[in-house]
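Here is the structure we will look at.
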Amino acid sequence: MRDKLIKNLFIGTAALLCAGQAVAASRQPKYIEHSVTAPFAMEPVKEYVFPDRQFPITRYGAKAGGTVSNTQAFAKAIKACNKAGGGRVTVPRGEWLTGPIHLKSNVNLHLEEGAVVVFSDNYKDYLPAVQTSWEGMECFNYSPLVYAFDCDNIAITGTGKLQPRIKGWAPWFKRPKGHLEASKQLYTWASTDAPVEQRQMAAGESNMRPHLIHFNRCRNVLLDSFHINGAPFWTIHLFLCDGGIARNLKVYAHNHNNDGIDLEMTRNMLIENCQFDQGDDAIVIKSGRNRDAWRIGQPTENVVIRNCKVIRGHCLLGIGSEMSGGVRNILMEHCEATDSVFRMMYLKTNHRRGGFIHHVYMRNCKGTCAGRMFEIDTDVLYQWKSLVPTYETRITPIHDIFMENCEIGRTDAIYEIKGDARLPVRDIYLKNLKAGLVYRFVNKSENTFNVYTDNVTYTATAF
């Protein structure tokens, strides 16, 4: 009898252990892995599978119509979704006025067909300040319109639209005197290792506009299928993020500094099947500014961009000029600039940046019109050239850059490379590049070693 009791106890305990293990396994995060083919080693990009739970904002008091603020309804729905272990916060058809939306881990903000999230343009709605960045320097600033900090598994999906009101931000576009003074102060703080908590920029006349979407130090990001119409500043900004997908997006923003998507000190990203129409650069790889980025020490790396269209923008692919943390292992392929861009591929830095740029690839891309097909410029300082001093000189090593099987209908020049005599650009590979009409010159290069060209042709010149 004693042996039988012990045996039954053992069987029962084993069954409970197995059941517990099964429950624990069911609670483990589930991911879909997307493999990518690139000329560098890159692990599959993971896409989180959100739990099948719905949290409609109407359940938490949201009112459609674009007149009643729904900031608290969004916050309550996101909090409930996160507390339950994750799922979808759904935004139904209609116009939904709100202030900032702050996501939490395991939350998918899902914009249903016909849903329009209208963001207030009253800067007071975006206080208190949150930890963010301004042009490559960390600070506390007005909350981005959609914000997440140190989150896992976050998403914005669906075919609805994000549509900021812009009128209230418009006076800030001109960089008034107060803004320039605040920029100088932030630059000084960043150059002298002032604590980020001290860098409070959402005050007085700083006028530092917030990003539309800013995810800071997040893991496994998904941006899928929604539309954007306008932005106060950079449109989509992933800062110090690890792992993510941006796909099937339609992004339109033609105000000041309206980059399309900026990846900054971010790694393991796939961008595909997106359309951008921008008032600034379109698809941008950045990596922090000067001493701030040297302190953090995280390159932007392992990024694949494919099958995207840029209607208008300054660049089809831009690298920098904030790139002090380094940029490597970037591939753009099968992308197109359908209207006009200033540059198809543009690498930009200056003597303050340091960092590095290497193993960047563009292949099988085409464009209609560009100022340059390919350009490297090592002296891009914009307004900072006379606004602030050089605290420390660090030259950027640039090498192993590839452009292959690309064409442009018309361009001012096929390529221009302006290296730095202190550390010349080297090992540039330009192969099977075809231009139609060339307006100003075919190519120029200075302070370079080993610029390899193979089958670089044009139809006619106009100079």
Side-chain angles (χ1 to χ4, degrees), residues 99-100 102 123-151 169 172-218 231-241 256-257 259 262-266 284 286-300 320-326 350 352-355 381-392 394:
H102 289 193
Y123 70 90
K124 294 179 181 178
D125 291 341
Y126 298 90
L127 295 172
V130 299
Q131 185 171 341
T132 177
S133 74
W134 175 266
E135 295 186 341
M137 297 171 288
E138 289 200 282
C139 63
F140 278 73
N141 194 25
Y142 297 99
S143 172
L145 281 55
V146 184
Y147 176 70
F149 187 89
D150 193 23
C151 291
W169 304 111
W172 296 14
F173 293 155
K174 298 178 181 179
R175 295 186 185 266
K177 182 179 178 180
H179 169 77
L180 293 178
E181 291 302 315
S183 298
K184 289 165 63 176
Q185 180 62 76
L186 178 57
Y187 180 89
T188 301
W189 280 333
S191 299
T192 56
D193 295 329
V196 175
E197 294 77 10
Q198 176 184 320
R199 308 176 194 177
Q200 298 291 333
M201 309 312 298
E205 301 298 317
S206 296
N207 290 356
M208 288 187 169
R209 292 161 283 131
H211 308 83
L212 175 60
I213 298 171
H214 175 83
F215 293 163
N216 192 314
R217 293 170 166 84
C218 295
F233 182 48
W234 293 354
T235 310
I236 301 170
H237 186 212
L238 303 185
F239 184 83
L240 282 166
C241 291
H256 192 52
N257 301 124
D259 290 357
D262 293 90
L263 306 183
E264 187 161 16
M265 293 184 281
T266 284
V284 194
K286 295 183 179 290
S287 191
R289 180 191 294 261
N290 305 3
R291 194 166 186 83
D292 246 20
W294 306 336
R295 166 178 57 83
I296 295 169
Q298 172 59 59
T300 297
S321 66
E322 299 88 0
M323 42 59 58
S324 301
N350 62 64
R352 301 170 182 172
R353 291 287 188 263
L381 274 162
Y382 301 116
Q383 75 274 11
W384 301 95
K385 194 165 194 171
S386 57
L387 189 66
V388 293
T390 298
Y391 280 82
E392 185 174 351
R394 293 195 189 185

Do Met208 and Arg175 pass the side-chain contact (heavy atoms from CB on, under 4.5 Å) test, and can you show the C-alpha distance, the side-chain angles, and the key distance before you say yes or no? CA-CA 9 Å; Met208 288 187 169; Arg175 295 186 185 266; over 6 Å; no
Do Ser143 and His102 meet the criterion of a side-chain donor-acceptor pair at a distance under 3.5 Å? yes
task = Kindly say whether Arg353 contributes a backbone atom to a donor-acceptor pair with the side chain of Trp294 at under 3.5 angstrom?
result = yes
Value for CD (Gln198) from CG (Asp193), rounded to nearest 0.5 Å, stands at 11.0 Å
Across all chains, not counting sequence neighbours, the side-chain contact (heavy atoms from CB on, under 4.5 Å) partners of Asn216 are Phe149, His214, Phe239
Taking every heavy atom of Glu264 against every heavy atom of Thr300, the minimum-distance pair comes out as C-OG1, 3.6 Å
Rounded to the nearest 0.5 angstrom, the CG-OG1 distance for Asp262 and Thr235 is 8.0 Å
Q: Assess whether side-chain contact (heavy atoms from CB on, under 4.5 Å) is satisfied between Leu212 and Phe233, documenting all intermediate values.
A: CA-CA 7 Å; Leu212 175 60; Phe233 182 48; over 6 Å; no
Original post:
Taking the side chain from Ser133 and the backbone from Glu138, do they hold a donor-acceptor pair closer than 3.5 Å?
Top reply: no
(request) Determine whether Ile236 and Phe215 make a side-chain contact, defined as any pair of heavy atoms from C-beta on separated by less than 4.5 Å. (result) no
Interatomic distance, CD@Glu135 vs OG@Ser183, rounded to 0.5 Å, equals 7.0 Å
Would you say the side chain of Arg352 lies within less than 4.5 Å of the side chain of Val388, judging by non-hydrogen atoms?
yes
**Prompt:** Got a donor-acceptor contact below 3.5 angstrom from the Asn207 side chain to the Pro176 backbone?
**Reply:** no
Separation between CG (Leu381) and OG1 (Thr390), nearest 0.5 Å, reads 7.0 Å
Might you work through the side-chain hydrogen bond (donor to acceptor under 3.5 Å, both in side chains) test for Arg209 and Asn257, ending with a clear yes or no?
CA-CA 10 Å; Arg209 292 161 283 131; Asn257 301 124; 2.7 Å; yes
Side chain to side chain, Tyr147 and Val130, heavy atoms closer than 4.5 Å: yes
Scanning both residues in full, the closest heavy-atom pair of Asp150 with Cys218 reads N-SG, 3.9 Å
To the nearest 0.5 Å, atom CG of Leu186 lies from atom CG of Asn141 at 9.0 Å
Would you say the side-chain atoms of Ser191 pair up with the backbone N or O of Tyr187, donor to acceptor, closer than 3.5 Å? yes
Here the pair of heavy atoms bringing Ser321 nearest to Lys286 is N-NZ, 3.9 Å
Heavy atoms of Trp189 and Met201 approach each other most closely as CZ3-SD, 3.7 Å
ring-ring contact (aromatic ring centres under 6.0 Å, His included) filter on Trp172, not counting sequence neighbours, yields Tyr123, Tyr142, Trp169
| Phe140 and Val196: side-chain contact (heavy atoms from CB on, under 4.5 Å), yes or no, with the steps? | CA-CA 7 Å; Phe140 278 73; Val196 175; 4.0 Å; yes
Nearest heavy-atom contact between Pro144 and Thr132 is CG-OG1, 4.3 Å
| message | Does Arg289 qualify as a cation-pi partner of Trp384, given the criterion of NZ or CZ under 6.0 Å from the six-membered ring centre and within 45 degrees of its axis? | response | yes
Between Thr266 and Cys241, is there a donor-acceptor pair closer than 3.5 Å when you use the side chain of the first and the backbone of the second? yes
dist Arg217:CZ -> Leu240:CG (nearest 0.5 Å) comes out at 5.0 Å
So, does Ser206 use its side chain to make a donor-acceptor pair with the main chain of Ala202 at under 3.5 Å?
-> no
Indicate yes or no: does Glu392 engage Arg291 in a salt bridge with an N to O separation below 4.0 Å. yes
Tightest non-hydrogen contact, residues Ser287 and Pro299, listed as OG-CA, 3.9 Å
Let me see the working for Glu181 and Leu387 under side-chain contact (heavy atoms from CB on, under 4.5 Å), right down to the final yes or no. CA-CA 9 Å; Glu181 291 302 315; Leu387 189 66; 5.9 Å; no
Residues passing the side chain to side chain donor-acceptor pair (under 3.5 Å) test with His211, sequence neighbours excluded, are His237
Heavy-atom donor-acceptor pair, Arg199 side chain to Ala194 backbone, under 3.5 Å: yes
